[in-house]
Number of protein chains: 2
Amino acid sequence: MDNIDLKILHQLQTDARASIAEIAAQIGLSEPACYRRVRELRKSGVIEKEMAIIKPKNMGWPLSMMLLVELERDHSTIVNAFLSRINKQPEIIDSWFVTGDYDLVLQVIAADMEAFDQFTQQVLHKDNSVKNFKTLVVMRHSKAHGPIPPDKK
Amino acid sequence: MDNIDLKILHQLQTDARASIAEIAAQIGLSEPACYRRVRELRKSGVIEKEMAIIKPKNMGWPLSMMLLVELERDHSTIVNAFLSRINKQPEIIDSWFVTGDYDLVLQVIAADMEAFDQFTQQVLHKDNSVKNFKTLVVMRHSKAHGPIPPDKK
DNA sequence: AATCTACATGATAAAATTTATCAATAGTGA
DNA sequence: TCACTATTGATAAATTTTATCATGTAGATT
């Protein structure tokens with residue numbers, strides 16, 4: 001994993017559909033050499049996946065929330081069970097297990113407020129592992145999926 | 001935007017490198033027809049972009065934080081100015097403007113704690129728009145970029 | 001110093017995929 | 001029924017990805 005790889009990764013975070021030829025030109029490398037690096041980055045798992053980014057509202061999910069969850073206990077077995085349980089919910093599109101004033105940050109999408117209310121009832125209120133949670137309604141996703149810079153500042 | 005488009009979008013969120021032929025087969029459509037739909041979805045902006053997903057730690061950013069920020073004032077001009085200012089920071093890879101107990105949720109990456117401390121000094125403490133903020137240290141990104149389901153539950 | 005090995009590179013060619021062209025089909029409203 | 005529009009499928013051309021092979025460079029060994 002050298003500087004060239006980092007540049008490739010940065011490029012692919014901006015546009016995963018750029019052709020190998022374009023990337024190769026950008027970083028001054030031959031096409032096959034660039035191709036092999038990209039292939040290795042994919043195979044090794046450094047590139048987790050390549051995916052389309054779509055605004056939830058454009059797929060019929062106009063509401064987006066950030067949930068700050070506090071759990072009852074910190075025991076890892078319980079936490080892991082809880083995480084694998086809730087991560088099955090398709091409405092939860094991102095979930096971060098954190099330490100600080102809360103234990104979990106969830107990004108949840110919903111078709112409407114009623115559906116969101118149902119979600120909280122079934123997934124959170126019913127669950128004994130949840131002590132409480134706060135809902136932040138997303139008004140604007142003001143910066144989305146910024147590319148991770150190749151250099152540390 | 002019909003059901004077929006939604007299925008295509010779901011597919012592309014799982015794997016943006018699937019060939020048109022694969023997608024077409026999956027949803028029972030000819031290759032050219034499928035191709036044209038994908039092209040329109042891209043052109044119309046429904047597909048915002050296609051990008052590689054990479055864990056920050058694999059690019060030399062081992063630390064990840066969620067910041068819960070409270071702003072001094074709600075005036076939209078001030079808020080917008082603040083947002084466009086901080087969104088320039090490459091360490092901020094996602095930023096949600098929300099309503100509730102906080103005004104802003106930021107995902108920030110850092111090479112180490114010292115760099116993170118510097119970041120908060122320069123970007124947050126120095127800024128008059130910031131009333132205060134809480135830091136949640138990410139221990140695990142337990143669900144990442146879940147695909148947005150094509151149907152509303 | 002010479003040589004060997006491991007590894008990444010570039011040139012080229014083959015395979016696969018994307019994209020354009022065109023004729024045919026299905027659905028709409030007059 | 002008859003145009004009109006929009007979408008489709010078949011085919012072919014253009015582009016891109018991928019494989020093959022020979023070359024070159026750096027580090028280790030004799």
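First the proteins, then the strands, lettered A, B, ... as listed; each starts at 1.
Residues of residues 11-20 of chain A having a heavy atom closer than 4.0 Å to DNA chain C, listed by number: A/Arg17.
Between A/Ile4 atom CD1 and C/dG10 atom P the separation is 9 Å, expressed in whole Å. Atom OH of B/Tyr35 and atom P of D/dA14 are 15 Å apart (whole Å). Per the geometry, CD belonging to B/Glu40 stands 13 Å off C1' belonging to C/dT19, to the nearest Å. Between B/Ile8 atom CD1 and D/dT7 atom P the separation is 13 Å, expressed in whole Å. Put simply, CG on B/Asp2 is 15 Å from C1' on C/dA26, counting in whole angstrom units. Between A/Ile27 atom CD1 and C/dT9 atom C1' the separation is 13 Å, expressed in whole Å. Rounded to an integer number of Å, the gap from A/Arg36 CZ to D/dT18 C1' is 11 Å.
Of the candidate nucleotides D/dT8, C/dT9, D/dA10, C/dT9 has the atom lying nearest to any side-chain atom of A/Arg37. Here the side chain of B/Leu29 is nearest to one of C/dT18, D/dT8, D/dT17, namely D/dT8. Counting only heavy atoms from C-beta on, B/Arg39 has its side chain closest to C/dA20 among D/dT20, D/dT17, C/dA20.
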- Task: Using the salt bridge (charged side-chain N to carboxylate O under 4.0 Å, His left out) rule, take B/Asp127 and B/Arg85 through it: C-alpha gap first, then chi angles, then the decisive distance, then the call.
- Result: CA-CA 10 Å; B/Asp127 199 300; B/Arg85 210 180 312 139; 2.3 Å; yes

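The salt bridge (Lys or Arg N to Asp or Glu O under 4.0 Å) test with A/Glu40 is passed by exactly one of A/Arg36, A/Arg37, A/Lys43: A/Lys43.
The aromatic rings of B/His145 and A/His145 lie tilted to each other, with the angle between the two planes from 30° to 60°. Classification of the A/Phe133-A/His125 ring pair by plane angle, with boundaries at 30° and 60°, yields tilted.
B/Leu136 and B/Ile93 fall into different hydrophobic clusters, where Ile, Leu, Val, Met, Phe, Trp and Tyr residues are linked whenever their side-chain heavy atoms come under 4.5 Å apart, directly or through other members.
Each of B/Ala33 and A/Arg42 was matched to the nucleotide of DNA chain D holding its nearest heavy atom; the match closer to the 5' end belongs to B/Ala33.
Looking only at distances, no side-chain donor or acceptor of B/Lys126 sits under 3.5 Å from a matching main-chain atom of B/Gln121. Checking side-chain atoms of B/Gln13 against main-chain N and O of B/Ile148 turns up a donor-acceptor pair under 3.5 Å.
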